[in-house]
Every structure is written in C-alpha cells, then in structure tokens.
Amino acid sequence: MIEEILIKKTVAALEKLYDQNVDKQLIQIQKTKKEFEGDLTIVVFPLLRFSRKKPEQTANEIGEYLQNNLEEIQKFNVVKGFLNLVISDKFWLNFFLQNQNKKKYGYSEKGKDESIVIEFSSPNTNKPLHLGHIRNNLVGNSIANILKASGRKVQKVNLVNDRGIHICKSMLAWQMWGNNQTPEISNMKGDKFVGDFYVKFEKENKKETAILIERGVEKDKVAQQTPLMEKARKMLVNWESCEKETRELWEKMNNWVYKGFDKTYNRLGINFDKTYYESETYLLGKEIVLNGLKEGILFKKDDGSVWADLSNQKLDEKLLLRPDGTSVYITQDIGTAQLRHDDYNADKLLYVVGNEQIYHFNVLKIILEKLGREWAENIIHIAYGMVELPHGKMKSREGTVVDADDLMNEMQQTAKSTTEELGKIEGFSAAEANELFETIGQGALKYFILKVDPKKNMLFNPVESIDFTGNTGPFIQYTYARINSLIRKAEEKNITLSNNIPGNINIHPKEKQLIKNLYSFPETIQQAAEIYSPALIANYAFNLVKDYNQFYQEISILREENFDLLNFRLKLSEFTGKVIKTSMELLGIKVPERM
RNA sequence: GGUCCAGUAGCUCAGCUGGAUAGAGCAGCAGCCUUCUAAGCUGCGGGUCACAGGUUCGAAUCCUGUCUGGAUCACCA
C-alpha cells in the first residue's frame, strides 16, 4: 500500500531533517480533496513540534525529501499545513496492470485467522415477515458476505423462534376458530395463514380484556388473566410436557409457516449454513439454569420461579423460569448460545438483532458470565435501527405493517412500469423481461435499505422512498449494463483487448480518478468488515459509478483511434464493471447484463 | 425516573480513529442525445452541522450541560 510506504518515508524524513524519532501513529495521510491538486495529503500540523518551523516550511521540506527519495512521488504542493502529493501515473498504471485480471479483486486473506458465527433473521413462526425483517436479513446477509470477503471464516445461522407462548396463541386460535382450514384450502401462503390466527387471538383477547376491566380488574394485570391467556399458558405447559395432540398441531402449523418463509427467503436470496430451532435448544437452557440454581448462582422465589440477581451490575432481577417451570425468551437464548459455542467454538458470535434488544443482550452476556462461560465476551450484538414509516413505527394493530412479500411485488411492478416507460426492453423475451424487473426491483429495495448506516433508524416512505435515479440500486445496475454494452460493441467491432498497456500513455484526470477509486476497494472491504457496515460498500459503489459516468460522458472510448488508449479505456471499463459487480454481490444485489 | 441511541440543506442520507471553503441524491430552475444505453452528464439556488459552554494550532466529529425525538428497564419475543 502506498500509504504505508509514505508513512515510513515520512518518519525517515523527520529523522533526517530534524533528527527526531517520530511515532508513525502521528503521520496523518488522507485523500486529497478534489479541489486541490494531488492524490494523497500529509497533514503536517502534528509534526510542527518536531520541526519547530512554520507549517509551510515544514511541509515543503518534507515534500522535498519525499520527492527525492520516493520514485512514486511525481511532485507536490503545499497549501497551509497540507502537503499535497501527486503520485506518478506509472504507479497507478502499475497497480492497474497487476490487478485488472484478478477474479475477485478486493477479496483478501487478511482476516483468515478469525472464525465467526453470525446469526440473523430469527423469525417467529406466528407472523409473516415484514419490512423490519427485510432490513435484518439484508444487513445480516451482507455483513456475512463482507466478512467472508475480508478473509474471515463465516458461518451463517438462523434461529427460529418456533415455540413459546406467542406460538401457542396462534395454535389456540386455529383450534378454536380454524374450522380445520389449511393454507392449501384457503389458497394462502402458510405464514400469512398462521399469522391471521395470531391476529385473531389478539383481537379476541382484547375483547376479553375489556370485559374484565369493566368488572373492575386492575388494568395492568388484566392482559394476563383472560380466559384465553389462561388457555394459552396451559397449552404451553402441555407443549413442554410433550403432549401428543399439542405437538402435532404445533408441527403442522409450523410446517405451513416454513413453506411460506422459504418462498420469501428464496426471493430475497437469503440462505443459511445452519438453522437452529428454539424447540431444540430451550431444554439445554433450562438445564443450565437449573444447574446454576444448584450451584447457588441463581435463586428461587416462593412461587417456584427462578431468577438471576443482577443488582451487582446495577441491573434488576431477571426471571429465567416461570413458576410453572416453563422457560422464557432469555432461557432459550442461554441454551442457544451454549449450543452454538459447542458447535463452532468460534472467535466471535455475532447477533444481528434490532436495537430494542440491547438490554436483553447485555443481560444475556452478564448471566452467561455469571454462569462461568468465559466465551460470553465473544458475543457481539449488532444492533440495527428500526425502520420507521411516515406515521411512525410499524404497528400490526393499526395495520401499518409493510409486508415483505407485498413490498417485493410492488417493487417489481414499479420496476416494470418504469422500464417500459423508458422503452428499455426491446429484444427481451417475456421471461427475460420479468427477470429484469425482478432484478431491478430487488436492487432498488436492497440498496435503499443497505445504503444507510445499519445502526441508525431509517425512514421508509412507501410512495416516495424508492427511486430509480440518483443514489439508487438501479443507477448502479444501469452503469454496469452500460459498461457491458460497451464491451459487447467492442467485440462486434472485432477489437481484441490486450493486457499490454504501455507505461507512457497519457492518463486523463477522470481516468485517474477512476483508478484511485478502484485502488481503494480492498481497504473499503476491510473497513466495512471491521465496523460491520454494508453502507460503506454501498457508498463506495455509488461513488465509483458516479466517477465512471463522468469518465464515460466526457471521454470517447470506441471512437478513440489510438489503439493503446482505446484498449486502456476498455480495460478500465471492464475492471470497473467487475468491481461494481463484486460490490453489489457483497450487498446481495444482482446486476443485469442489459437494461 | 434510570440507561442507551439519535438530531447535518425543504425531504432522505454521507461525512472513518479531530484537519483545508461541510458533501451526495431527491425535489426546484437552466442546459446537453443525427456520435459508445439520457435510469446519464453539466450548471444554479439551498446550511447558525439542535442549543450553550469546554479541550485544541484546528471541532459536525472529543468532553460537560440543556432541549427535542426514539428505544429500553415484561412471567412478550
């Protein structure tokens, strides 16, 4: 890396010029701002105390030294305390030659010593997937891709919340009001079918709640005391004691849901190396909790419930087992974490889970540590922000939930009408056209979500949010297709590309800008991997594409008569296309050959 | 009330461990297709970086306080 070389040489310069031994941490190198001449800039302010001279003079002296001692430095200029260095064309061309034909340029082995298990998606089997899940899936999947590209060993796992009181609610509702209907008979997607019964339960339970309130029962206790809730709790006890009828119903309904989920996952392009089910891990959690009780780490209350005392950590007490012995969310998470650790013994256990569960993961880590699990410190909660709608949060009760399948359909439809309006599907078969609409629709949706920092809450406006121009997925896809078209045209003209690019060709500023962009791709991937941020990749792709379009618009390629220049520009386009494709792959977005 | 997160252009968002005159896109206005895909390119207007202090040669960035919004503190997950 040129930056590292520069840092070393700058340290040497300070030694030579001022007889000072300077920590390389103090050497600040940044990309030169566009309005100044240069490629890289050294900020000399922090070095003044070593030179004991004015900023301009210090910068000039260091610049002089670097130019004389580094062949990569062609020239330099000084603006205030900024030493702007112009890197020689030869260096950029050299980089270009060495990397243009790499299959997976940008990928590295840097992180190969680290193994990671990443959990994301984690659906409940009582509701269909919605926009919030989409963000979770896209972020999780993309982070997994990025980590892999950075060289780390990655296992993607899903954890299905397939048991618990909430699941019993939809089961109970189906039992009571289902009339033996099935998704097949009602011609519905299985997850939607089951989800409707969950809603039905909540509705009926609300009615019962209202009645109890009328009778004067305390408001905050009512929700737990309705006849329906009692039945649901009883069902959960039955389930945990493996009562046959309950288990059969449970399996039947969950299978409906899985069929539905599979369709959604497929369409989103999401898959996992392993799927955990809480029904298979909660017993382990229970066992760990009971052992903790035996060892006196946990304690039991008079009603038989089991708790962890976290007052030493300035937290409250935390329930781990209900009085009837059934387990709660965190109990199963304890079991799941243990199992996952046993299965993989990974260096890091990542959980992509919404930021509303930050407290939950803090507590989980603390309890695991209390229970003597040293690996608990390897648990990292990647807390992503909520997706908000113009009216605020999504609320199922108010019918403002944006359904995942519906949204994808709408995206495809919008892609279709926009594409047709632009008259871009000449020569496409119906199947090809449909595939293109899907690619563009998915690209728009995925990019829209992934371009924002995962940590932050984001706003999704169903009517306005998704554009196809500007900083969008389709714009990036379009540029890729454009490059492809260019390469095709070159082939039609029987132009044979050559790897041989003379070192003395004149590089246009727009071309250099592009090369610099390509140069920074690998470090961008590393950075994105370190901070778990697909947004970095998205922004990178947008910048790259923007610069390419400027180059494309300003410089003629196929009309260039000098073969070396023609060849170089085509090669540069090809390389750029490859990097666009790779970065979009990291985001889980496909690029079309034509659009 | 405690804890955590956020507040940057009319709107949606970038701005990495402090560095140059705070950037994109959308929306608005004005240009560019007989020439490589106009889902593009060029230009214009648009800002008290919530507010007030502090640290620093230098603060949107770090610290403190205030205001505003959100999350969380469940025998829901």
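The analysis underlying the following values was restricted to heavy atoms, covering all of them including side chains, and did not include hydrogens, waters or symmetry mates. So that the names make sense, note that chain A is the first sequence line, chain B the second, and so on, each numbered from 1.
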If you look at every strand shown and take non-hydrogen atoms under 4.0 Å, does A/Leu422 touch a base, only sugar-phosphate, or nothing? base

Taking the six-membered ring where the residue is Trp, are the ring centres of A/Phe468 and A/Phe475 under 6.0 Å apart? no

Stacking between A/Phe45 and the base of B/G19 (centre distance under 5.5 Å, interplanar angle under 30°)? yes

If stacking means aromatic ring centre less than 5.5 angstrom from the base's six-membered ring centre, planes under 30°, is A/Phe475 stacked on B/G40? no

Ring-on-base stacking between A/Phe82 and B/G19, under 5.5 Å between centres and under 30° between planes: is it there? no

Pick the C1' atom in B/C13 and in B/A6, then give their distance to the nearest Å. 14 Å

Would you say the ring centers of A/Tyr447 and A/Phe542 fall short of 6.0 Å from each other? no

Mind checking A/Tyr329 for me? I need base, sugar-phosphate or nothing, with any heavy atom below 4.0 Å counting as a touch. base

Closest-nucleotide ordering on RNA chain B, the 5'-leading residue of A/Gln357 and A/Gln30: A/Gln30

A/Phe542 or A/Asp303, whichever maps to the more 5' nucleotide of RNA chain B: A/Phe542

Is the phosphate of B/A74 approached by A/Arg322 (side-chain N or O, under 4.0 Å from OP1 or OP2)? no

Apply the test side-chain contact (heavy atoms from CB on, under 4.5 Å) to residues A/Ile42 and A/Gln28: give CA-CA distance (whole Å), side-chain angles for both, the deciding distance (0.1 Å), then the verdict. CA-CA 6 Å; A/Ile42 298 175; A/Gln28 283 183 50; over 6 Å; no

Rounded to whole Å, how long is the line connecting atom CD of A/Glu554 with atom C1' of B/C32? 13 Å

Less than 6.0 angstrom separating the ring centers of A/Tyr282 and A/Trp239, yes or no? yes

Taking the C1' atom in each of B/G28 and B/A20, what is the distance between them to the nearest angstrom? 31 Å

Side-chain N or O of A/Lys489 less than 4.0 angstrom from OP1 or OP2 on B/U37? yes

How would you label the contact of A/Ile531 with the nucleic acid (heavy atoms, under 4.0 Å): base, sugar-phosphate, or nothing? nothing

